[in-house]
Amino acid sequence: MGSTDLLIGSGAVLLAVAIAVAIRLLAERRRLRRRLDGATAELQRLQTSFQRFAPTAVVEGIVARARATDAARREVTVLFGDLVGFTSLSEHLDPEVLVSVLNEYFVRMSQAIGEHRGHVAKFIGDGLMALFGAIEPNPWQGNDAVHAALAMQRALAAYNQELAARALPTLQLGVGIHRGVAIAGVIGSQALVEFTVIGRTVNLASRVERLTREIPADILITASVREGLDPRFVLEELPARTVRGVSEPVVTYAVREFRDAE
Amino acid sequence: MAALDAVEWEVCSLEPVRNRAGERTLRAALGMVPPSARYFLDSPWVTRAYANLAGMPVHQLSPDLTEMITLVVSQDNACRYCYTATRSIMKILGFPESQIRRLEENFLAADLSPADTAALDFARRVSRAAPLASAADAQPLLAAGYSIAAVKEVAVFASNSVFFNRLSTLPALPPHQMDIAERWYIRLLRPFIASRMRTPRVTQPAILQPEQREGVFADFTNALDGLPTASRLRAVLDEAWRPSALSPRLKALVFAIVARGITCAPAEREAVRLLVADGMTPAEIEQALAHLSGPGVDPLQESALTLARESIWYRPAELQRHARAVGAQCTRQQFIELIGITALANTVCRLSVALDLARQEP
């Protein structure tokens, strides 16, 4: 009888331990599931966020294979924006103020670009490069880029009023836009990669932006942007100029305004 | 679910209504009035389009695969309403939660057959249209043993999801309305409800009648001949083009813009033909398509063009804010029709892969 009791007692203890272990395992499993759900959700959020800056297929390639090798020729419109005379300005400003002014400027420019279906591919010092038509095909990319440039101008005018009110120097923006075929892909080392475009189209857009320092025009576009541009944009043709790296002189057009309903 | 919960979603810009005629149409086709259909009852053709496309039978594929296509496409389009609804339907139909989760997390790594994985990948390509899916994209399915008709049916169900994703996203239908799978009465009646909800399957090919081979965008519906969707899509297109609150010009412009946006040349050609028939000159049409404005385009049409363009690839909340602003410029019926025609244009243009595949058929 005693040994039977002992056996039953031991069985009960074992059963209790087994139940306790099962409950613990179940709780642990639930906890892990919650963590996995959280991590998955976070990953998906990051993936969704990143899809604003690179084509979905590129993002998926990075997620699936930890790298993306796909590169393609795409028709893109490249916008370069740079602050005119910012280098000399920066020498007279407190570094903290300078960075704060610059960051707020970038926020406003990025917003203006994003509202016209472009995305900022990179910040270069006080300049930026934005792309239109790089993430999804966009037959309206030329109009979008020029609308974005005008929106950037308006945003800067509003920002300048705020800067002036704070007794800070105002900023002046030069924009160059060119449309053409470029190679788009993920470029960089293992430590630092970016989705960007490279090629002659990018170089020419950058050179055209530099022309805004020599010509009395804040927004300059090339003939390839003008072709197919909405006729409501008021343009002024400028004399052809030689730019570095391009054999033929480049004709540019100054964008003056957009005339909506007459 | 968590990932899409984070997707910004506006307040709904439409109110559900009661309408006996519309409700009868839906009950006859679907056996019930789905909650989302109530928002569109003020437009007879959008209601009938809803009934035709929501109750679409399947011929070549398994009904389970069509549910998975709907889930994957709705998730990819960040349509919180359709995603929540499909998730609920899948649970009611008996899909285990673990399987739904694996599909959500990464269907490429889920425990599916290679053929099903290829089908879901292809469906997503059709929906994304960046670039537009072509017959070359269908090769993995054909290699996995799918017939051309079955591949077309994958494209049909992907495009069908595109329709409902736009229909739900544009007015921001409230997603919580469809989070119903765990409600006690649904659980109690699950077997009965499941039998009503399962996608019906037909065994015989559905051949179009001679009179069904003509009409707007007939090339697209003819390319689907043999599938039950061909006659349903034919009916939807014919009804959409009957006189209604929106002009034929506006409808054709919306199709033309979506076609141009995703570079669907056959759809753009057909839309341009309709615009010429409506009295627009080629120069006016080109200006409207190139600049979303022009002399042959009135203010409502101009707003519709911009919205159509935005509907191709979008972030839901931005599209919804834009849609609300456009809705403020027109009557309720016009707004519902605009949502309907925009959704339909996105659907039809993405079906151009069926034209490609039809050329490969013996």
Side-chain angles (χ1 to χ4, degrees), chain A residues 29 33-49 51-61 63-65 70 72-75 111 114-117 119 133-144 146-147 184 227-233 258-262, chain B residues 1-8 75-78 97-98 101-102 104-109 121 124-125 127-132 137 256-264 268 283 286-295 297-299 302 305-306 308-310 312-316 318 321-322:
Chain A
R29 196 178 148 184
R33 180 77 244 175
R34 274 198 299 273
R35 284 183 64 181
L36 184 62
D37 282 352
T40 304
E42 185 56 30
L43 186 64
Q44 286 178 347
R45 264 195 294 275
L46 283 172
Q47 197 168 335
T48 305
S49 302
Q51 277 160 3
R52 297 171 74 146
F53 307 105
T56 311
V58 171
V59 179
E60 281 171 359
V63 171
R65 302 187 294 274
D70 299 340
R73 285 181 198 282
R74 285 172 202 266
E75 189 180 10
Q111 195 176 347
E115 281 168 4
H116 294 280
R117 298 189 85 87
H119 82 278
I135 294 180
E136 292 130 356
N138 178 358
W140 303 283
Q141 56 183 265
N143 285 334
D144 286 344
V146 181
H147 274 303
E227 191 184 334
L229 199 65
D230 193 326
R232 289 174 293 177
F233 285 108
F258 181 74
R259 280 199 193 136
D260 207 346
E262 290 290 330
Chain B
M1 285 287 281
L4 278 200
D5 283 347
V7 171
E8 198 189 347
Q75 186 183 21
D76 205 49
N77 280 324
E97 175 68 24
S98 56
R101 277 175 187 273
R102 280 198 298 275
E104 289 165 355
E105 286 162 11
N106 181 5
F107 72 79
L108 294 172
D121 190 37
R124 211 168 55 172
R125 281 171 193 266
S127 162
R128 284 180 182 170
L132 198 59
D137 293 309
I257 283 294
V258 174
R260 178 159 293 193
I262 60 174
T263 58
C264 178
E268 186 175 329
E286 187 45 40
Q287 188 165 348
L289 300 193
H291 309 308
L292 311 170
S293 179
V297 176
D298 68 28
E302 197 172 307
L305 288 181
T306 316
R309 182 248 165 121
E310 296 294 322
I312 301 170
W313 300 288
Y314 56 82
R315 284 187 280 278
E318 285 174 20
R321 286 192 284 270
H322 188 173

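Quick note on labels: first sequence line is chain A, next is B, and so on, each numbered from 1. All of these numbers come straight from a predicted model, not from anything done at the bench.
Only the side chain of A:Asn143 comes within contact range of chain B, with heavy atoms under 4.5 Å apart. Contacts between B:Gln287 and chain A at a heavy-atom distance below 4.5 Å involve the side chain alone, from C-beta outward. Using a 4.5 Å cut-off between heavy atoms, B:Ile262 makes no contact with chain A at all. Only the side chain of A:Pro139 has a heavy atom closer than 4.5 Å to any heavy atom of chain B.
Atom OG1 of residue B:Thr306 and atom CH2 of residue A:Trp140 lie 10.0 Å apart, to the nearest 0.5 angstrom. With rounding to the nearest 0.5 angstrom, the CZ atom of A:Arg117 is 4.5 Å from the CD atom of B:Glu310.
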Walk me through whether A:Asn138 and B:Arg309 qualify under side chain to side chain contact (heavy atoms under 4.5 Å, CB included). CA-CA 10 Å; A:Asn138 178 358; B:Arg309 182 248 165 121; 3.4 Å; yes

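Remark: A:Arg73 engages A:Val181, A:Ile183 in a side-chain contact (heavy atoms from CB on, under 4.5 Å) (not counting sequence neighbours).
Taking each heavy atom of A:Arg232 and B:Glu302 in turn, the nearest pair found is NH1-OE2, 4.3 Å.
Put simply, of B:Ser293, B:Pro131, B:Ala129, the one with the most heavy-atom pairs under 4.5 Å next to chain A is B:Ser293. Counting heavy-atom pairs under 4.5 Å between each of B:Ala130, B:Ala78, B:Ala290 and chain A puts B:Ala290 at the top.
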